[in-house]
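Written below as structure tokens is the structure these notes are about.
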Amino acid sequence: MLFNSFEFLVFLPIVFILYWFIFRERKWQNLLIVIASYIFYGWWDWRFLILIAITSLCSYGSGLLLEYYEGKRQRQQIISAVNIILNLGILGVFKYYNFFVNNLDNLFGFMGIHLNWVTVNVILPVGISFYTFQALSYTIDVYQKKIPATHDIVEFFAFISFFPQLVAGPIERATNLLPQFQQNRRFEYAKAVDGMRQMLWGLLKKLVIADNCAAIVNSYWGQYYELSGIALFSLGVLFTFQIYCDFSGYSDIAIGCARLFGINLMRNFNFPYFSRSIPEFWRRWHISLTTWFRDYIYFPLGGSKCDKWKTIRNVYIVWGVSGLWHGAQWTFVCWGLYHATLLAIYNILGINTKYKHVVAYGHFLPNIKEAIQIILTFFLAVVGWIIFRAESLTQALHYLYCMFIKHHLFGNIHGKQWIISALLLMFVEWLQRDKEHALQIPHRGVFKYAITRYGIYITILYLMFMYSGTVQTFIYFQF
């Protein structure tokens, strides 16, 4: 079920009414969340429910076993390892089996050895990487004694399958989300209103900017070799805005929707295109995933507490895995390694930990240095997104070759009206860059008047009604 569908428009108010007015006790609210989440997820294909149920049961059972064998470290290690291997095994079969089989077959083929392994024709379950990583974090956190094992299976299933963030995040930690299902919740009008504002902003980004940018990118990408250098760059910029408005739009809808049910999800985007460096960019983009890799892979490898070269090694390992997490294609792996290289350069230059505060805080515009840094970081991100969007490594390299070297520089800029529209949206986010989201409106000044606030809402609804593009699924559903 899509957030931007008629079915969800009917589904959400029904669940909301049942949640607050019929099932008022916590245990019944949790059960309703599980049932609603399984309906929401099974709307694509009911067979997907089998996998998420297996993942949930295995992780729930592993938590109980870890508690049962408290103090017996070797057995706990075996239990954790088995659960991790099982969950990653399910993910590997559905997402990576064909990729590795084909690449091994090609590798041995160069040596004259033909393996002739059989590939499998399977549908990639929506959001499998997201809920698998969420389940893994629970087992690891219980093993590391960061959280006690839960005995309530309904609470645990609600934690894994919570429908707002089920298929594209944020990837929640058990330490944050699970306790919220273990305590009573009460309706807070201010929180619900703010949640609806955030959902509205997310829908605007998705329906008006992302979907219209997608239509142009999809139309011209297949004939990129006929375009001028400036047209290729503008196409890359369009995809840069598309993927941001698509994915951060989903996160806004998910976080806002969760607030309607009294649940607080972690922030997933913090205006990343205002970053002054690539390290800062990755502290602001898909925060739930980057912190997951930081805590469960980067830190165990030694993080930045090793010598410089081992730290760089750790960065390459994390970003190689991060690229592969996004999909079974070499373009994703190379995109990860591209950013690992940039991060390594920043690390060598000693600016990896700078810029944690809001850019130009207290000022309307950035200074010249900050403006140059933002433009450079944005340009580097555009190059990365071109690699990410490419259908093969050959296409990615040829696209960049044509953009920088082969074709004449000047030509038509495709989709310039949507580049301008995206820049206007970014301007609004710039004004709100110290807030949680762009529609976090304070009830003071001109905004204390209801007519002003409702004028904003009506304007956004009008823009969505008049300028929504062809409906596109959310990009990160494939991951």
Please check if the distance between the ring centroids of [X] and [Y] is under 6.0 Å.
{"X": "Trp325", "Y": "Phe130", "answer": "yes"}
{"X": "Tyr138", "Y": "Phe156", "answer": "yes"}
{"X": "Phe269", "Y": "Phe247", "answer": "yes"}
{"X": "Tyr476", "Y": "Tyr250", "answer": "no"}
{"X": "Trp330", "Y": "Trp335", "answer": "no"}

Closest non-hydrogen atom pair, [X] against [Y]:
{"X": "Ser137", "Y": "Glu172", "answer": "OG-O, 3.8 Å"}
{"X": "Thr150", "Y": "Leu64", "answer": "O-CD2, 3.5 Å"}
{"X": "Leu49", "Y": "Gly42", "answer": "CD2-N, 3.7 Å"}

Checking side-chain polar atoms at under 3.5 Å, does [X] have a donor or acceptor matched by the opposite partner on [Y]?
{"X": "Gln134", "Y": "Gln165", "value": "yes"}
{"X": "Gln198", "Y": "Arg259", "value": "yes"}
{"X": "Tyr143", "Y": "Asn83", "value": "no"}
{"X": "Thr132", "Y": "Asn87", "value": "no"}
{"X": "Thr139", "Y": "Ser80", "value": "no"}
{"X": "Tyr346", "Y": "Glu280", "value": "no"}
{"X": "Trp20", "Y": "Gln29", "value": "no"}

Would you call [X] and [Y] a side-chain contact if the rule is heavy atoms closer than 4.5 Å?
{"X": "Leu204", "Y": "Ile209", "result": "no"}
{"X": "Ile52", "Y": "Tyr38", "result": "yes"}
{"X": "Ser62", "Y": "Val82", "result": "no"}
{"X": "Thr311", "Y": "Tyr298", "result": "yes"}
{"X": "Asn176", "Y": "Gln180", "result": "yes"}
{"X": "Phe16", "Y": "Phe11", "result": "no"}
{"X": "Thr377", "Y": "Phe274", "result": "no"}
{"X": "His326", "Y": "Leu289", "result": "yes"}

Atom [atom1] of [X]: over 12 foreign heavy atoms under 6.0 Å:
{"X": "Lys308", "atom1": "NZ", "value": "yes"}
{"X": "Met266", "atom1": "CE", "value": "yes"}
{"X": "Phe187", "atom1": "CZ", "value": "yes"}
{"X": "Gln74", "atom1": "CD", "value": "no"}
{"X": "Lys310", "atom1": "NZ", "value": "no"}

Q. Can Arg173 and Asp295 be counted as an ion pair, charged N to O under 4.0 angstrom?
A. yes
Q. Is a salt bridge present between Glu70 and Lys145, judged by a nitrogen-to-oxygen distance below 4.0 Å?
A. yes
Students often mix this up, so state it plainly: with edges at 30° and 60°, are the rings of [X] and [Y] parallel, tilted or perpendicular?
{"X": "Phe241", "Y": "Tyr273", "result": "perpendicular"}
{"X": "Phe40", "Y": "Phe3", "result": "tilted"}
{"X": "Phe181", "Y": "Phe162", "result": "perpendicular"}
{"X": "Phe239", "Y": "Trp385", "result": "perpendicular"}
{"X": "Phe281", "Y": "Trp285", "result": "parallel"}
{"X": "Tyr19", "Y": "Phe261", "result": "perpendicular"}

Please round to the nearest 0.5 Å and tell me the distance separating atom [atom1] of [X] and atom [atom2] of [Y].
{"X": "Glu429", "Y": "Leu425", "atom1": "CD", "atom2": "CG", "value": "5.0 Å"}
{"X": "Cys58", "Y": "Ile90", "atom1": "SG", "atom2": "CD1", "value": "6.0 Å"}
{"X": "Ser248", "Y": "Arg284", "atom1": "OG", "atom2": "CZ", "value": "13.5 Å"}
{"X": "Lys205", "Y": "His437", "atom1": "NZ", "atom2": "NE2", "value": "10.0 Å"}
{"X": "Ile78", "Y": "Arg73", "atom1": "CD1", "atom2": "CZ", "value": "12.5 Å"}
{"X": "Glu7", "Y": "Trp43", "atom1": "CD", "atom2": "CH2", "value": "6.0 Å"}

Q: Mind running side-chain hydrogen bond (donor to acceptor under 3.5 Å, both in side chains) on Arg185 and Asn30 for me, showing each step along the way?
A: CA-CA 11 Å; Arg185 300 174 288 278; Asn30 290 341; 2.8 Å; yes
Q) Going through the checks in order, is the ring-ring contact (aromatic ring centres under 6.0 Å, His included) test met by Tyr399 and Trp221? A) CA-CA 9 Å; Tyr399 188 110; Trp221 197 275; 4.7 Å; yes
Output yes when a side-chain donor or acceptor of [X] lies under 3.5 Å from a complementary backbone atom of [Y], and no otherwise.
{"X": "Arg433", "Y": "Trp430", "answer": "yes"}
{"X": "Ser59", "Y": "Ser56", "answer": "no"}
{"X": "Asp194", "Y": "Ala190", "answer": "no"}

Q | Test log, rule side-chain hydrogen bond (donor to acceptor under 3.5 Å, both in side chains), inputs Asp141 and Tyr296 | A | CA-CA 10 Å; Asp141 285 349; Tyr296 298 117; 2.8 Å; yes
